[in-house]
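What follows is a short report on a single structure.
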Amino acid sequence: MKIVILDSYGANPGDLSWDRLSELGDVTVYDRTKAEETVARAAGAEVILTNKVVVGRREIERLPRLRYIGVLATGYNVVDIVAAHEHGIVVTNVPAYSTESVTQMVFAHLLTVTNRTEHYAIQNRNGRWSGEPDFCYWDTPLTELAGKTFGIVGLGNIGRRVAVVAQAFGMKVAAVTSKRAEDLPVGVNKLTIAELLATSDVLSLHCPLTDATRYLICADTLRQMKPTAILINTGRGPLVNDQDVAAALNENRLAAYCADVLAEEPPRSGNPLLACQNAYITPHIAWATREARIRLLHVAVNNVVAFAEGRPVNKVV
């Protein structure tokens, strides 16, 4: 069996191993693959693994031997699911591998805004504290989370875990979700989106990207939020209109925007959020702890093993 990994580097820049796949067949690993290289590199492969390389109808129709596409992520929008189904190709993903790591990033971002530890650490490396007349100093607002309202859009694996951690900080938790109110975790209040926007001190996005949620956060919804609110996006970049959020930050209609994802990655140098003082942007790394990547590779390889044994798991089609 010929196996091709189209873009290994993001998940495995060399500190982990694909050796288990070699037990199943001939494995070729590419760090990165450009769109125009996909068909040539995957030619003759029965199995391909992809993280962000698009495998669309064009690619599928030019790869007659292809029988399996393994997505090295939870989201599988990089694959044309309809075309894969028409050609009898199994598509799998890796669900829930990054729940703990993404949750951790949500609160790393939040605490960056409320406590500014890096800001003070940098100042004090440069001698600021040593020159102060008092035993302490602060030049930013410092905010206690207990008693504040933490709003969540989407209560999947990550959203539910975020709710638990927010409650551990003593926060009141509310959510917009398709789940019934009686099925929500204890202490989580179900609200409409309008209610959540109006009452959240912190709003964290954990919903899938669909036609209904694209640009969920835009000029209109930002006007419904508290000007003191902190917005966090570790879900999908296009849930947020970057231009509108930048404008709200610059006009002091939003206290802070914390994002690990942007609509375009890597962002163009002119993205307005990159220059906003109260925008805290990390480069899509919430999922990338070593522990999460070990889980990712383990599940991805097991998915291929299960397929080879005729019992595919984690199928999306």
Side-chain angles (χ1 to χ4, degrees), residues 73-75 93-115 117 143-210 212-214 216-217 221-222 224-226 228-240 245 254-261 280-282 284-289 291-292 295-296:
T74 301
N93 71 339
V94 183
Y97 74 93
S98 63
T99 298
E100 296 297 336
S101 293
V102 175
T103 299
Q104 181 175 309
M105 180 62 86
V106 169
F107 289 93
H109 268 296
L110 179 55
L111 293 171
T112 292
V113 175
T114 60
N115 292 76
T117 53
T143 302
E144 184 173 271
L145 294 176
K148 303 291 193 300
T149 297
F150 193 109
I152 302 173
V153 181
L155 276 183
N157 290 319
I158 296 173
R160 291 173 73 94
R161 184 63 180 141
V162 166
V164 170
V165 177
Q167 288 174 326
F169 275 103
M171 304 185 77
K172 296 175 286 187
V173 179
V176 166
T177 174
S178 59
K179 296 178 174 63
R180 300 182 306 170
E182 55 267 34
D183 294 333
L184 301 191
V186 175
V188 177
N189 187 25
K190 181 171 181 174
L191 298 180
T192 66
I193 186 63
E195 292 169 333
L196 197 73
L197 291 167
T199 58
S200 293
D201 298 298
V202 179
L203 182 65
S204 194
L205 307 180
H206 300 286
C207 54
L209 178 63
T210 66
T213 61
R214 185 178 295 275
L216 173 68
I217 302 300
T221 49
L222 285 162
Q224 300 175 55
M225 295 178 66
K226 297 179 179 181
T228 55
I230 299 167
L231 175 64
I232 304 174
N233 184 13
T234 57
R236 295 288 182 264
L239 295 173
V240 169
V245 170
L254 182 69
Y257 179 49
C258 304
D260 188 58
V261 289
Y280 301 85
I281 312 297
T282 49
H284 205 143
I285 55 172
W287 65 281
T289 62
E291 293 82 357
R295 286 192 292 271
L296 172 65

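Values below: all heavy atoms of this structure, side chains included; hydrogens, waters and symmetry mates excluded.
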| Parallel, tilted or perpendicular: which describes the rings of F107 and F150, with under 30° parallel and over 60° perpendicular? | parallel
| field | Taking every non-hydrogen atom, the tightest pair across T74 and P95 | value | OG1-CA, 3.9 Å
| said: If you apply the rule side chain to side chain contact (heavy atoms under 4.5 Å, CB included), what do you find for I285 with M105, and how did you get there? | reply: CA-CA 9 Å; I285 55 172; M105 180 62 86; 3.7 Å; yes
| Counting N and O atoms only, with roles assigned by atom type, does the side chain of T289 sit under 3.5 Å from a partner on the main chain of A292, one being a donor and the other an acceptor? | yes
| Pairs meeting criterion salt bridge (charged side-chain N to carboxylate O under 4.0 Å, His left out) with involvement of residues 172-183, two or more places apart | R180-E182, R180-D183
| For the student: nearest non-hydrogen atoms of L216 and T221, plus distance | O-OG1, 2.8 Å
| field | Exam field: side chain T234 to backbone V102, donor-acceptor pair closer than 3.5 Å | value | no
| So how far is it from T149 OG1 to K226 NZ, rounded to the nearest 0.5 Å? | 5.5 Å
| request: Answer yes or no: is there a side-chain heavy-atom contact under 4.5 Å between F169 and L110? | output: no
| said: Quick check against the 3.5 Å criterion: does T177 have a side-chain atom that pairs as donor or acceptor with the backbone of G154? | reply: no
| remark: From the list L203, L254, T114, D201, side chain to side chain contact (heavy atoms under 4.5 Å, CB included) with I230 holds only for T114
| said: Tell me whether Q104 at atom CD has more than 12 heavy atoms from other residues, nucleotides or ligands lying less than 6.0 Å away. | reply: no
| said: I need the I158 CD1 to E100 CD distance, nearest 0.5 Å. | reply: 10.0 Å
| Heavy-atom pair with the smallest gap, counting every atom of A175 and V188 | CB-CG1, 4.0 Å
| Side-chain donor or acceptor of S98 paired with backbone N/O of S101 under 3.5 Å | no
| note | Here the pair of heavy atoms bringing S200 nearest to G151 is OG-CA, 3.4 Å
| message | For the backbone of V186 and the side chain of Q167, can you confirm whether one donor and one acceptor N or O come within less than 3.5 Å of each other? | response | yes
| Looking only at atom types and distance, does a side-chain atom of T213 sit under 3.5 Å from a main-chain N or O of L239, one as donor and one as acceptor? | no
| To the nearest 0.5 Å, how far apart are CD in E144 and CE in M171? | 10.5 Å
| Below 4.5 Å, heavy atoms only, C-beta onward: do I193 and V153 meet side chain to side chain? | yes
| CG of L155 to NE2 of H206: how many Å apart, nearest 0.5 Å? | 9.0 Å
| Does the side chain of V164 come within less than 4.5 Å of V173's, by heavy atoms? | no
| request: Look only at the side chain of N157 and the backbone of T99, and say whether a donor-acceptor pair between them is shorter than 3.5 Å. | output: no
| task | Applying side chain to side chain contact (heavy atoms under 4.5 Å, CB included), run through C258 and T112 and close with a yes or a no. | result | CA-CA 9 Å; C258 304; T112 292; over 6 Å; no
| said: Set out, in order, the CA-CA distance, both residues' side-chain angles and the distance that settles side chain to side chain contact (heavy atoms under 4.5 Å, CB included) for T282 and H109, then state yes or no. | reply: CA-CA 9 Å; T282 49; H109 268 296; 3.0 Å; yes
| said: Donor-acceptor check, side chain of N93 to backbone of G75, threshold 3.5 angstrom: yes or no? | reply: no
| task | Let me see the working for D260 and V106 under side chain to side chain contact (heavy atoms under 4.5 Å, CB included), right down to the final yes or no. | result | CA-CA 9 Å; D260 188 58; V106 169; over 6 Å; no
| said: Show the nearest heavy-atom pair for residues L196 and I152, with the distance to one decimal. | reply: CD2-O, 3.6 Å
| remark: Residues A174 and L191: closest non-hydrogen pair is CB-CD1, 3.5 Å
| field | N233 CG to I281 CD1 distance, which is reported to the nearest 0.5 Å | value | 9.0 Å
